[in-house]
Every structure is written in structure tokens, then in C-alpha cells.
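All remarks here apply to the structure that follows.
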Amino acid sequence: QVQLVESGGGLVQAGGSLRLSCVASGRTFSSYVMGWFRQAPGKERDFVACISTGGIVEYADSVKGRFSISRDNTKNTVYLQMNSLKPEDTAVYYCAAKTGTYYSSNYITRDLRRYDYWGQGTQVTVSS
């Protein structure tokens, strides 16, 4: 079983930046596809960014050019650097992991249903 713990959320003014971190348990972190999702009040949980075991990345159109996902396998950690934040970025941000993709270093997915483990979420609030 994989445990995921997010941190780094908080209150920031529009135009500011935050960096979220997600630390994963387990001995095979480097074999996990990692993703970030967010859920605003009254909205569905939406894809934000993901990164494959080989470093391939994808972003939602709404965050392209502003957010950057990265991973440090030596620390079992995935990051989400968020710049030029907007009030519409306000949401609970969730880290997720998909295991069992050892067969392909390029595999990534935007589909939250395919992720196996989830963190508890961290609140990001962007004031106008």
C-alpha cells in the first residue's frame, strides 16, 4: 500500500506562487506515474498535471505555461510549482499515484479513475 502526503498549500494573492509537495511511501517510487488533481467547491475533481516514470509530462490547458510538475526519486517526492496564480486556481489539490506501469516509461494518464492511491489533499486559496 502506498501512502501519499501533500503539503505546501496556503493562501496567496493573485499573481503569486506556491510549490506543492507530495511525499510517497514505498520502495518503488520511481516506478509510479504521479499526478496532481484539484477540486473546487461544488465542482468535479479535475486533472492538473502528471509525470511518467521517464519524465514525460502533461498539463491541463488551464495551467499550461504557469504550472510545472517535477519529481525527485531520491526523495520519493513529486512537486507542483504554481506561478501566476489566479482566483480560479482555488481548490483542494490532490496528489495521486498509479502503480504497475513498469512496462513503459512513457505511460501517463489524465484519467483519475486509473490512479491507485490518493493523498488527503491540501488547500490552495488565491485571493483577488
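Keep in mind that what you see is a predicted model, and the values were worked out from it rather than measured. Along the sequence shown, the residues carry numbers beginning at 1.
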Without hydrogens or angle criteria, can the side chains of [X] and [Y] be said to hold a donor-acceptor pair below 3.5 Å?
X	Y	result
Asn83	Ser17	yes
Tyr79	Arg19	no
Asp116	Thr99	yes

*asked:* What I want to find out is whether Lys64 reaches Asp61 closely enough, with some N-O distance under 4.0 Å, to be called a salt bridge.
replied: yes
Can you give me the closest heavy-atom contact between [X] and [Y], atom names plus distance?
X	Y	result
Leu20	Trp36	CB-CH2, 3.7 Å
Ala40	Thr90	CB-O, 3.7 Å
Ser30	Asn73	CB-ND2, 3.6 Å
Arg38	Ser62	NH2-OG, 3.4 Å

*Residues which pass ring pair (Phe, Tyr, Trp, His ring centres under 6.0 Å) with Tyr59, listed by chain and number, not counting sequence neighbours*: none
_Phe47: which residues meet the ring pair (Phe, Tyr, Trp, His ring centres under 6.0 Å) condition with it, sequence neighbours left out?_
Phe37
May I ask you to decide if [Y]'s main-chain N or O and [X]'s side chain share a donor-acceptor pair within less than 3.5 Å?
X	Y	answer
Arg110	Ala49	no
Glu6	Gln120	yes
Ser105	Gly54	no

*In terms of hydrophobic clustering (I, L, V, M, F, W, Y; side-chain heavy atoms under 4.5 Å; direct or indirect links), are Val23 and Val33 co-clustered?*
no
_Separation between CD1 of Ile51 and CD1 of Ile108, rounded to the nearest 0.5 Å_ = 9.5 Å
*asked:* Working to the nearest 0.5 angstrom, can you tell me the gap between Ser84 OG and Asp89 CG?
replied: 9.5 Å
*asked:* Please enumerate all residues that pass salt bridge (Lys or Arg N to Asp or Glu O under 4.0 Å) together with Arg113, with sequence neighbours excluded.
replied: Asp111
*With Arg45 as the cation and Tyr94 as the aromatic partner, state whether NZ or CZ is under 6.0 Å from the six-membered ring centre and within 45° of the axis.*
yes
*Under the side chain to side chain contact (heavy atoms under 4.5 Å, CB included) rule, what do Met34 and Lys98 come out as? Steps first, then yes or no, please.*
CA-CA 6 Å; Met34 300 299 298; Lys98 177 171 176 52; over 6 Å; no
_Partner set under side chain to side chain donor-acceptor pair (under 3.5 Å) for Ser104, not counting sequence neighbours_ = none
*asked:* According to side chain to side chain donor-acceptor pair (under 3.5 Å), who are the partners of Arg114, at least two apart in sequence or on a separate chain?
replied: none
_Once disulfide (SG to SG under 2.5 Å) is applied, do any residues pair with Cys50, and if so which ones, sequence neighbours excluded?_
none
